[in-house]
Amino acid sequence: MSQEAENPIEKFDNEYLYINQEDGVLRVLLLEDLLSDAELIKLQLRKLQLEKRVEHVTNKTDFESALLRFKPHLILSDYALPQFTGMDALKMIQSFNPYIPVIICTGSVNEETAVACIKAGADDYILKDSMGRLTSAIEIAVSAKSNLVSRDRASNDLLKSEENFRALAQNAPDNIYKIARDGEILYVNCDIDGIPKDQVIGKTIYSFVNQENGKKMRKAIETAFDGALTVSVEIEGNPDDPESQWYFCRIGPVMEHDQVKSLVFISSNITERVKAERELYDLNQKLHHLTQHLENIRDEEKKKIAMEIHDQLGQELTGNKLGLFWIKQQLQSEDLKSQNVEPIVEKVDYLVDLTTQTIQTVRRIAHELRPVVLDDIGLIPAIEWHVGNYNKNHESTTCHLNIEIGDFTFEKEFSTGLYRIMQEALTNINRHAEASNAWVTMKAENNLFIFSIEDDGKGIDIKSALKSKSLGLFGMRERIKKWNGHFDLKGKKGEGTSITLSFDMEYLQEHKIIEQEINYRT
């Protein structure tokens with residue numbers, strides 16, 4: 001019979017182990033050629049305080065069949081049988097399943113034979129004239145084999161676990177260390193920086209990093225040990241060195257009897273991710289500078305167009321108006337009074353009015369493109385002019401101005417940015433807010449320079465506004481990034497909308513974006 005397996009515990013069937021049986025029935029296979037001796041043994045088995053089933057066989061063939069069919073938990077075997085001995089049965093059991101307890105029952109045996117039986121795998125031997133010891137021998141043998149199974153299973157599970165860990169560790173993309181409290185490397189899964197892993201073991205983890213990273217790593221290791229915690233730390237490379245590497249390290253405790261015995265240290269190379277993040281940051285910065293540059297170009301172009309409209313076209317229209325006045329005066333002279341020139345005079349009056357309206361339109365367009373007052377006398381007068389002009393042209397909404405900034409002058413680009421944001425915000429209020437009132441506020445508070453535009457209209461849907469393809473809000477944010485400004489948008493249905501820009505006063509003054517003026521205005 002060939003039932004041998006490389007690892008008996010893996011071949012072991014739970015049906016052969018009594019402690020695993022749900023029905024609690026102990027199956028006993030009795031190998032005995034003498035019927036009288038078999039009955040004597042069965043009589044002793046009745047004393048066993050267990051529910052049991054006994055199958056009696058007398059020869060090798062029946063014994064082999066019963067092993068597979070009956071699946072015994074215990075074997076009781078005579079030592080001397082015709083053509084088949086207890087030693088033969090022991091060898092068969094060791095080959096088939098060494099976890100089945102076997103007790104030899106014999107009429108007489110010398111000491112050498114008893115020792116041979118035990119060496120062959122017998123759990124005990126009982127003399128037939130001392131059957132009173134059978135029940136205790138059975139209990140001890142079944143318990144001992146159950147413990148052996150549990151121990152071997154645990155060893156096998158541990159072996160499998162170690163094999164799985166070794167396979168995972170050896171094929172892991174990350175470096176895996178086991179380290180002591182002082183940073184000594186007890187295990188590593190691969191070569192490190194060209195150093196064979198067997199030479200890495202015994203070194204400290206700190207020897208592979210610079211001093212600054214070593215401090216961070218030491219602190220993380222102490223935290224993991226002292227608190228039995230899983231912590232993480234990032235090992236930073238040198239941005240100026242193209243060969244430098246970045247690592248993200250996870251450190252977790254290895255527990256033994258509720259104490260931290262060592263640490264598992266896993267380091268993942270995140271160099272490509274860090275470089276990608278840095279490239280993305282650089283790209284965002286370039287886009288930001290490009291946006292600022294485009295805004296500056298747009299403002300300069302508007303200024304140029306405004307100057308041309310205001311100076312050149314305005315002068316020409318004024319000249320046309322003066323010419324029309326002169327024609328009117330000539331037509332109304334004494335020499336022409338006798339002639340009917342009234343229709344001509346009316347036409348001239350019409351052209352004078354049209355020219356006046358055109359001049360006003362030119363001035364308005366020029367101011368909207370680039371208010372001259374912003375360049376001539378500064379931000380606050382420009383805001384005052386724009387608010388005043390807004391109130392003249394928008395009867396449905398009244399804009400209130402509140403300036404509590406003190407005597408300050410503002411850098412040209414900063415002034416332009418704030419003015420454009422206010423201009424954009426008031427335009428949006430007029431188009432969308434359905435507001436009765438708007439407020440423009442400029443103040444210094446808690447070391448912050450605050451500029452806000454609010455209304456009491458229907459309120460903005462912030463999520464929709466941020467998802468909108470309109471560049472208005474995006475442009476406001478981009479304008480103030482240059483000065484480390486903070487953009488805050490608030491809105492609630494039926495309660496209006498507010499846009500608040502806040503800047504650090506120290507930063508603005510340090511970079512000469514705003515400066516105190518002694519004699520500002522009277």
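Keep in mind that the numbers below use all heavy atoms, side chains included, and drop hydrogens, waters and symmetry copies.
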Evaluate whether atom [atom1] of [X] has more than 12 neighbouring non-hydrogen atoms of other residues, nucleotides or ligands under 6.0 angstrom away.
X: Lys275; atom1: NZ; value: yes
X: Asp198; atom1: CG; value: yes
X: Lys490; atom1: NZ; value: no
X: Lys216; atom1: NZ; value: yes
X: Lys203; atom1: NZ; value: no
X: Arg181; atom1: CZ; value: yes
X: Arg431; atom1: CZ; value: no

Exercise for review: For residues Gly237 and Ser244, report the shortest heavy-atom separation together with the two atoms involved.
Suggested key: CA-OG, 3.1 Å
Point to revise | Residue pair Asn437 / Asp456: nearest heavy atoms and the distance that separates them | key: N-OD1, 2.9 Å
Check your understanding: Can the ring centroids of Tyr507 and Trp483 be said to lie less than 6.0 angstrom from one another?
Key -> no
**Study point:** Test of ring centre spacing under 6.0 Å for Tyr125 and Tyr79
**Key:** no
Separation of [Y] [atom2] from [X] [atom1] (nearest 0.5 Å):
X: Ser268; Y: Glu234; atom1: OG; atom2: CD; value: 11.0 Å
X: Ile201; Y: Lys197; atom1: CD1; atom2: NZ; value: 8.0 Å
X: Trp439; Y: Ile453; atom1: CH2; atom2: CD1; value: 13.5 Å
X: Lys71; Y: Ile100; atom1: NZ; atom2: CD1; value: 10.5 Å
X: Ile251; Y: Glu222; atom1: CD1; atom2: CD; value: 11.0 Å

Exercise for review: Sort out for me which residue in Leu31, Asp78, Leu90 forms a side chain to side chain contact (heavy atoms under 4.5 Å, CB included) with Ile104.
Suggested key: Leu90
**Study point:** Partner of Met442 under side chain to side chain contact (heavy atoms under 4.5 Å, CB included), chosen from Ile405, Ile450, Asn402, Leu501
**Key:** Ile405
Review point. Do Asp152 and Ser155 meet the criterion of a side-chain donor-acceptor pair at a distance under 3.5 Å?
Key: no
Review point. Just checking, is any N or O donor in the side chain of Asn269 or Gln245 under 3.5 Å from an acceptor N or O on the other one?
Key: yes
Review point. Under the 3.5 angstrom rule, does the side chain of Thr230 hit a backbone N or O of Gly252 as a donor-acceptor pair?
Key: no
**Study point:** Any donor-acceptor N/O pair, Asn147 side chain to Ala144 backbone, under 3.5 Å
**Key:** no
Check your understanding: Is NZ or CZ of Arg250 both nearer than 6.0 Å to the six-membered ring centre of Phe265 and within 45° of the ring axis?
Key -> no
Exercise for review: On the 0 to 90° scale, with breaks at 30° and 60°, tag the Phe503-Phe449 ring pair as parallel, tilted or perpendicular.
Suggested key: tilted
Point to revise | Pairing of Asp461 and Lys493 as salt bridge, 4.0 angstrom limit | key: no
Review point. Are any of the side-chain nitrogens in Asp37 or Lys128 under 4.0 Å away from the carboxylate oxygens of its partner?
Key: yes
Exercise for review: Could you go through the side chain to side chain contact (heavy atoms under 4.5 Å, CB included) check for Ile185 and Thr204 one step at a time?
Suggested key: CA-CA 6 Å; Ile185 299 172; Thr204 68; over 6 Å; no
Check your understanding: Below 4.5 Å, heavy atoms only, C-beta onward: do Ser267 and Tyr177 meet side chain to side chain?
Key -> yes
